[in-house]
Visitor: 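Right, I'll just put the structure down here and ask away after.
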Amino acid sequence: MKLISIAQLETLAKRPREVCVSIFLPTYHAGAETQQNPIRFRNLIRKAEELLIEHGCRSEDAKNLLEPVRALNHNEFWQHQSYGLAIFRSQDFLQYYSLPLDFAELVIVSNHFYLKPLFPLFHGDGHFYILALSHDVIRLLKGTRYHIEEIDLTGVLPSLAEVLRFEEPERQTPSHIGTPGATGGRSAVPGGVTVFHGHGAGDEDEKENLSQYFHRVNQALREFLKEEHAPLVLAGVEYLLPIYRQANTYAYLLDASIIGNPKLLAPEELHAQAWEIVEPLFLQSQQEAMNQYKELLGTGKASSQIRETIPAAYQGRVDKLIVAVDRQLWGTFDPDTQTVEVHPHAELNDEDLLDLAATQTILNGGTVYAVESADMPDNTPLAAVFRY
């Protein structure tokens, strides 16, 4: 399972304005309850067909448009699910994502794809990294609140042998450059980074070699993560961590670490321990955005007015947007005149203006906090902080 990226979101957001069907379904991925998945799937397709006809499609055209979606409903498809399924269908376009989000059942037919249920994946609690250090391998994992995956570092990090090769000959003691299988020798993990065993935690030569190596690892990671502002959590046995910290120059390395041999922990276990460390930071970010909105309200730098926020989001002026993920506000926006019309009920060619504001904010580099209505400040459907 891979999370949807900003680039993929942009592809969905910039599809030609035509009849678009967006389907969201919570899915069971284990146990007898998985038998409910195809039943609810068929019900949502039937709902989509009804909505297409309401939007002016002929019955036969609606059936034809949804036929590739209907064809997904087979046993193998349901064997590879997470917690939620998102499907996007328009003429000559079909994309679906199995995601770690527990969606509410929803079908939207509009002139563009409906993306707001995806926004918790791009939340201020977006992503973080785990750097797992051991004598056998260095691993980098990327996580979100919902998911963890290992990053292939092939060609990114040097091995300890490569670093020591350029050191003074007297520094390259046999105990650190043994042959494979020998005591103190080399070991490797497929897809990982080869390093060398030395003596013990108190061996000064080993500490010096590790220090030199970790400086090179830090340089490589700094280049690899140069556009990032995500928290980095170290995981490793206790004596390795201070050696790496002395070498580190990545500004977002956290003080708290996961102590222990990370080789003994599955990615899911590393994820659970790392999330305990980073969750307070992410919640703090969301609370700070809400506090900033309240402080700036009435100054021209913040707004909860949809007619003001939509043009600002379209122009790239929204820095932070807090939006109710479980509400819709129907209407239209004309980019040429920058005018917004709000309707009490969905009309033909309407779109959810909250979805539009959030999508434009993300595409223009802003941060979106998608929360439940009960968590919104001032009981408003959206709250924006402007860049200018």
Side-chain angles (χ1 to χ4, degrees), residues 4-24 44-45 47-70 72 85-97 103 106-119 121-122 306-318 321 323-325 327-366 368 370 381-382 384:
I4 185 171
S5 67
I6 287 288
Q8 291 168 318
L9 185 79
E10 185 171 355
T11 297
L12 292 170
K14 293 185 175 180
R15 288 292 301 170
R17 292 275 166 161
E18 57 187 9
V19 175
C20 294
V21 180
S22 307
I23 299 174
F24 299 91
L44 290 179
I45 292 178
K47 176 65 174 178
E49 190 172 323
E50 293 171 358
L51 289 175
L52 283 167
I53 293 172
E54 288 180 13
H55 276 71
C57 287
R58 296 188 308 161
S59 177
E60 190 64 26
D61 291 337
K63 282 185 170 60
N64 291 338
L65 183 66
L66 293 172
E67 186 55 38
V69 181
R70 194 176 287 107
L72 297 174
L85 177 64
I87 302 174
F88 303 97
R89 171 65 175 156
S90 63
Q91 193 68 41
D92 302 322
F93 183 88
L94 172 63
Q95 188 61 266
Y96 60 87
Y97 300 92
F103 296 125
L106 182 66
V107 179
I108 298 290
V109 173
S110 182
N111 63 355
H112 67 95
F113 289 125
Y114 187 76
L115 305 177
K116 185 149 60 77
L118 303 177
F119 293 149
L121 293 174
F122 303 93
I306 194 71
R307 289 181 174 84
E308 183 178 9
T309 302
I310 292 287
Y314 189 85
Q315 296 160 13
R317 293 196 295 114
V318 176
L321 182 73
V323 64
V325 72
R327 286 187 61 182
Q328 288 88 37
L329 190 64
W330 298 104
T332 60
F333 171 64
D334 186 335
D336 295 328
T337 63
Q338 297 286 292
T339 56
V340 177
E341 289 189 13
V342 181
H343 302 145
H345 305 287
E347 299 180 6
L348 189 63
N349 296 323
D350 271 4
E351 56 188 320
D352 177 15
L353 298 173
L354 304 180
D355 177 75
L356 175 62
T359 301
Q360 290 300 319
T361 297
I362 287 178
L363 294 181
N364 285 307
V368 172
L382 88 172

Visitor: Side chain to side chain contact (heavy atoms under 4.5 Å, CB included) between His112 and Arg15: does it pass, once the steps are laid out?
Guide: CA-CA 7 Å; His112 67 95; Arg15 288 292 301 170; over 6 Å; no

Visitor: Run the numbers on Leu106 and Tyr114 for side chain to side chain contact (heavy atoms under 4.5 Å, CB included), then give the verdict.
Guide: CA-CA 10 Å; Leu106 182 66; Tyr114 187 76; 3.6 Å; yes

Visitor: Verify, without hydrogens or angle tests, whether Gln360 (side chain) and Ala357 (backbone) share a donor-acceptor contact under 3.5 angstrom.
Guide: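 No: the side chain of Gln360 does not pair with the backbone of Ala357.
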
Visitor: Supply the atom-to-atom distance Leu44 CG to Leu85 CG, rounded to the nearest 0.5 angstrom.
Guide: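 If I round to the nearest 0.5 Å, the distance is 9.5 Å.
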
Visitor: Examine distances only and state if a side-chain atom of His55 and a backbone atom of Val19 form a donor-acceptor pair shorter than 3.5 Å.
Guide: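 No; judged by distance alone, with no hydrogens or angles, the pair does not exist.
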
Visitor: Sequence neighbours excluded, which residues qualify as ring-ring contact (aromatic ring centres under 6.0 Å, His included) partners of Phe113?
Guide: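 Counting only residues at least two positions away or on another chain, Phe113 forms a ring-ring contact (aromatic ring centres under 6.0 Å, His included) with Phe88, Phe93.
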
Visitor: In Å, rounded to the nearest 0.5 Å, how long is the span from CD1 of Ile310 to CD of Gln315?
Guide: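 Between Ile310 CD1 and Gln315 CD, I get 11.5 Å after rounding to 0.5 Å.
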
Visitor: So do the side chains of Ile362 and Leu321 get within less than 4.5 Å of each other, counting heavy atoms only?
Guide: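 Of all side-chain heavy-atom pairs linking Leu321 with Ile362, none is under 4.5 Å.
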
Visitor: Can you find a side-chain donor-acceptor pair between Gln8 and Gln95 that sits under 3.5 Å?
Guide: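 No, no side-chain donor-acceptor pair sits under 3.5 Å.
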
Visitor: Applying salt bridge (charged side-chain N to carboxylate O under 4.0 Å, His left out), which residue pairs with at least one partner in residues 108-118 are found, sequence neighbours left out?
Guide: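 Found Lys116-Asp352.
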
Visitor: Working to the nearest 0.5 Å, report the span between CD1 of Ile87 and CD1 of Ile45.
Guide: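 Going from CD1 on Ile87 over to CD1 on Ile45, the span is 6.5 Å.
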
Visitor: May I ask you to decide whether Glu67 forms a salt bridge with Arg70, counting only side-chain N to carboxylate O separations under 4.0 Å?
Guide: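 Looking at Glu67 and Arg70, the cut-off is met.
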
Visitor: Calculate, to the nearest 0.5 Å, the distance between atoms CZ and CD belonging to Arg307 and Gln338 respectively.
Guide: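 If I round to the nearest 0.5 Å, the distance is 14.5 Å.
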
Visitor: Starting at CG of Leu118, measure out to CZ of Phe103 and round the result to the nearest 0.5 Å.
Guide: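 Spacing of CG (Leu118) from CZ (Phe103) equals 5.0 Å.
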
Visitor: Residues two or more places apart in sequence or in another chain: which of them pass ring-ring contact (aromatic ring centres under 6.0 Å, His included) with Phe333?
Guide: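 Scan of Phe333 (ring-ring contact (aromatic ring centres under 6.0 Å, His included), adjacent residues dropped) gives Tyr314.
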
Visitor: Would you please test Val368 and Val318 for side chain to side chain contact (heavy atoms under 4.5 Å, CB included) and show each step?
Guide: CA-CA 10 Å; Val368 172; Val318 176; over 6 Å; no

Visitor: Does any N or O in the side chain of Asn364 come within less than 3.5 Å of the main-chain N or O of Arg317, such that one atom is a donor and the other an acceptor?
Guide: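 Not at all, since once roles are kept as given, no pair shorter than 3.5 Å links the two residues.
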
Visitor: If you round to the nearest 0.5 Å, how far is OG of Ser90 from CG of Leu65?
Guide: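 Between Leu65 CG and Ser90 OG, I get 7.5 Å after rounding to 0.5 Å.
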
Visitor: Would a distance-only check, ignoring hydrogens and angles, find a side-chain to backbone donor-acceptor pair under 3.5 Å from Asp355 to Leu115?
Guide: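 Checked: pair present.
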
